[in-house]
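Remarks on the structure that follows.
In this text the structure is predicted, and so the values were computed from the model without any measurement.
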Amino acid sequence: MALSGVRVLELAGLAPSPLCGMILADFGAQVVRVDRCPRSAMNTDVQGRGKRSLALDLKQGAGAAALRRLCLRADVLVEPFRHGVMEKLGLGPKVLLQENPKLIYARLTGFGQSGRYAKSAGHDINYLALSGVLSKLGRKDENPYAPVNLLADFAGGGVMCAMGIIMALYERTKSGKGQVVDASMVEGAAYLSSFLWKSQNLGLWNRLRGENLLDSGAPFYETYKTLDGKFMAVGAIEPQFYEQLVKGLGLDLDKLPSQLSFSDWPEMKKMFAALFSKKTQAEWCRIFDGTDACVTPVLSLDEVALYQHNKERGSFIKNDQEEISPRPSPLLSRTPATPSSRRDPFIGEHTEEILLEFGFTKEEIAKLHSEKVIEFNKPKANL
């Protein structure tokens with residue numbers, strides 16, 4: 001795989017950093033999740049695919065020393081803590097990069113490593129708010145709303161950080177040097193929204209939120225409820241696609257207002273909604289499948305893996321626990337991702353084998369265990 005041979009240490013965190021680690025693991029990196037010790041009763045990382053777990057107490061001097069030693073043989077360290085936490089542990093980039101100048105030290109945080117909020121708590125909705133993106137999300141006469149925690153946590157955070165790591169790894173092939181990746185979810189979400197910034201002069205966002213072409217203002221870029229309580233998604237922006245939408249709805253284009261007549265959009269939405277409500281989702285699929293009307297069913301998570309197009313591409317995979325998840329993307333023609341089909345690791349499941357691989361002796365491991373610096377959690381066989 002593309003990242004085969006890359007050694008990654010991922011300090012356990014929430015949402016964004018586990019996704020970052022999973023992306024790297026899916027494309028071939030050897031990812032060790034460094035879990036907290038003593039371990040909590042619940043493992044919150046549901047994105048542990050392809051990783052192994054080492055339970056280590058970084059608050060103990062011996063634990064911090066062990067991580068420093070691990071970093072000597074690592075290519076990448078991913079850490080998700082607020083600015084200053086790693087420095088207090090003696091594990092900041094100045095220390096680790098001095099000891100291993102080739103290390104890629106990825107810092108994935110909400111507000112970044114500088115600025116007045118660098119040490120502040122926050123979540124996806126806060127990062128999205130400060131990025132400017134949240135102000136654009138929501139329907140007319142409603143409060144702005146965040147689309148779950150996808151944009152800042154995962155897209156602006158986990159994916160952007162993985163991209164930064166891969167770019168740093170590529171640059172290292174030329175310079176032989178590592179560097180710090182400062183991945184801020186505020187800035188990542190803002191960067192994702194570059195189109196919003198760069199398209200302001202095109203007139204796409206001149207109206208209030210919820211009244212524009214792409215934010216639910218247009219009748220031809222909207223979701224509509226069907227007779228059976230399901231939904232269809234409509235994205236017929238171009239005139240030739242809009243014409244096919246109108247035809248599928250059984251309307252006469254010549255008798256309708258102009259497609260871009262803003263004042264007529266509210267009434268047009270009511271008309272389209274009334275029409276969509278008279279047939280089931282399956283009936284609308286039969287009408288629009290094979291056309292360029294840009295009308296598709298809104299699939300639930302239970303339906304998406306069984307949808308014909310997704311089945312033909314193998315877009316969703318099962319692990320050995322029969323859990324369904326999306327296949328890694330994008331597809332690489334020569335070195336495709338081959339994600340692990342094993343269950344996610346238990347906290348501390350691979351502590352001993354990882355330390356042995358990184359040069360620790362059995363005596364050193366036994367001492368760390370006796371001092372409760374590390375934990376073992378080997379699963380018991382079901383007899």
Side-chain angles (χ1 to χ4, degrees), residues 1 3-14 17-18 20-81 86 89-91 95-96 99-100 102-106 319-321 323 338-383:
M1 288 187 278
L3 298 179
S4 180
V6 175
R7 279 184 163 183
V8 179
L9 298 173
E10 174 204 319
L11 302 189
L14 299 174
S17 56
C20 177
M22 190 182 78
I23 292 169
L24 300 176
D26 281 343
F27 284 87
Q30 301 170 40
V31 179
V32 171
R33 189 182 68 206
V34 181
D35 285 302
R36 297 182 184 186
C37 170
R39 63 180 182 269
S40 61
M42 179 180 176
N43 180 8
T44 57
D45 180 9
V46 295
Q47 299 169 106
R49 183 170 65 206
K51 305 175 189 177
R52 292 182 296 165
S53 170
L54 180 157
L56 181 64
D57 186 357
L58 296 178
K59 293 182 180 179
Q60 292 195 50
L67 184 67
R68 285 174 63 175
R69 191 166 159 186
L70 290 167
C71 285
L72 291 174
R73 297 193 181 190
D75 296 292
V76 179
L77 174 70
V78 181
E79 68 96 351
F81 308 127
M86 291 292 279
L89 296 171
L91 297 168
V95 173
L96 298 187
E99 296 177 351
N100 178 5
K102 293 186 176 183
L103 182 68
I104 309 300
Y105 194 118
N319 66 7
D320 57 9
Q321 308 291 303
E323 294 171 337
T338 307
S340 171
S341 61
R342 295 194 61 204
R343 58 161 174 77
D344 291 356
F346 299 135
I347 293 176
E349 181 175 349
H350 309 96
T351 297
E352 185 175 15
E353 71 177 62
I354 291 167
L355 291 175
L356 287 170
E357 284 179 18
F358 277 78
F360 287 73
T361 66
K362 288 191 175 182
E363 291 74 20
E364 288 174 319
I365 294 170
K367 186 172 186 295
L368 289 171
H369 188 247
S370 68
E371 294 173 348
K372 297 185 178 180
V373 176
I374 61 174
E375 285 188 5
F376 303 143
N377 185 23
K378 295 182 178 178
K380 298 176 181 178
N382 294 321
L383 299 177

So, do L72 and E99 sit near enough that their side-chain heavy atoms are less than 4.5 Å apart?
yes

So, taking the atom named CD1 in I347 and the one named CZ in F376, what distance separates them when rounded to the nearest 0.5 Å?
15.5 Å

Could you check K102 against D75 for side-chain contact (heavy atoms from CB on, under 4.5 Å), going step by step and ending with a plain yes or no?
CA-CA 7 Å; K102 293 186 176 183; D75 296 292; over 6 Å; no

Using 0.5 Å steps for rounding, measure from the CG atom of L355 to the CD1 atom of I365.
5.0 Å

Looking at CG of D57 and CD of E375, how far apart are the two atoms once the value is rounded to the nearest 0.5 Å?
8.5 Å

Passing option when K367 is tested against E371, H369, E364 for side-chain hydrogen bond (donor to acceptor under 3.5 Å, both in side chains):
E371

How long is the gap from CD on E353 to CZ on F360, to the nearest 0.5 Å?
14.5 Å

Checking E10 side chain against C20 main chain: does a donor-acceptor pair fall under 3.5 Å?
no

With sequence neighbours left out, write down each residue that passes side chain to side chain contact (heavy atoms under 4.5 Å, CB included) with P80, or none if nothing qualifies.
L11, S17

Taking every non-hydrogen atom, the tightest pair across T351 and A55:
OG1-N, 3.1 Å

Closest heavy-atom pair, L70 versus L9, reported as atoms and distance to 0.1 Å, is CB-CD1, 3.8 Å

In Å and rounded to the nearest 0.5 Å, what is the CD to CD1 distance from E349 to I354?
9.5 Å

If every non-hydrogen atom of L89 is compared with every non-hydrogen atom of K59, which pair is closest and at what distance?
CD2-CA, 4.2 Å

Side-chain touch L24/V6, heavy atoms, less than 4.5 angstrom:
no

Any residue meeting salt bridge (Lys or Arg N to Asp or Glu O under 4.0 Å) with R7, in chain and number order, not counting sequence neighbours:
none

Looking only at heavy atoms, what is the nearest atom pair of N319 and Q321, with distance?
OD1-N, 2.8 Å

Would you call V373 and L56 a side-chain contact if the rule is heavy atoms closer than 4.5 Å?
yes

First locate atom CG of L77, then atom SG of C71, and finally report the distance between them rounded to the nearest 0.5 Å.
4.5 Å

Who are the salt bridge (Lys or Arg N to Asp or Glu O under 4.0 Å) partners of E323, not counting sequence neighbours?
none

One pair to check against side-chain contact (heavy atoms from CB on, under 4.5 Å): D35 and S53. What are the steps and the verdict?
CA-CA 7 Å; D35 285 302; S53 170; 2.5 Å; yes

For the student: nearest non-hydrogen atoms of Y105 and L91, plus distance
OH-O, 2.8 Å

Less than 4.5 Å apart, side chain to side chain, heavy atoms only: is that true for R68 and V95?
yes

Carboxylate-amine/guanidinium contact D26 R49, below 4.0 Å:
yes

Heavy-atom closest pair, residues K51 and P18
NZ-O, 2.9 Å

Only residue of Q30, R52, R73 satisfying side-chain hydrogen bond (donor to acceptor under 3.5 Å, both in side chains) with E357 is R52

Look at the side chain of N377 and the backbone N and O of G348, then say whether any donor-acceptor pair between them is shorter than 3.5 Å.
no

Report yes or no: is the cationic atom of R69 (NZ for Lys, CZ for Arg) closer than 6.0 Å to the six-membered ring centre of F358, at no more than 45° off its axis?
no

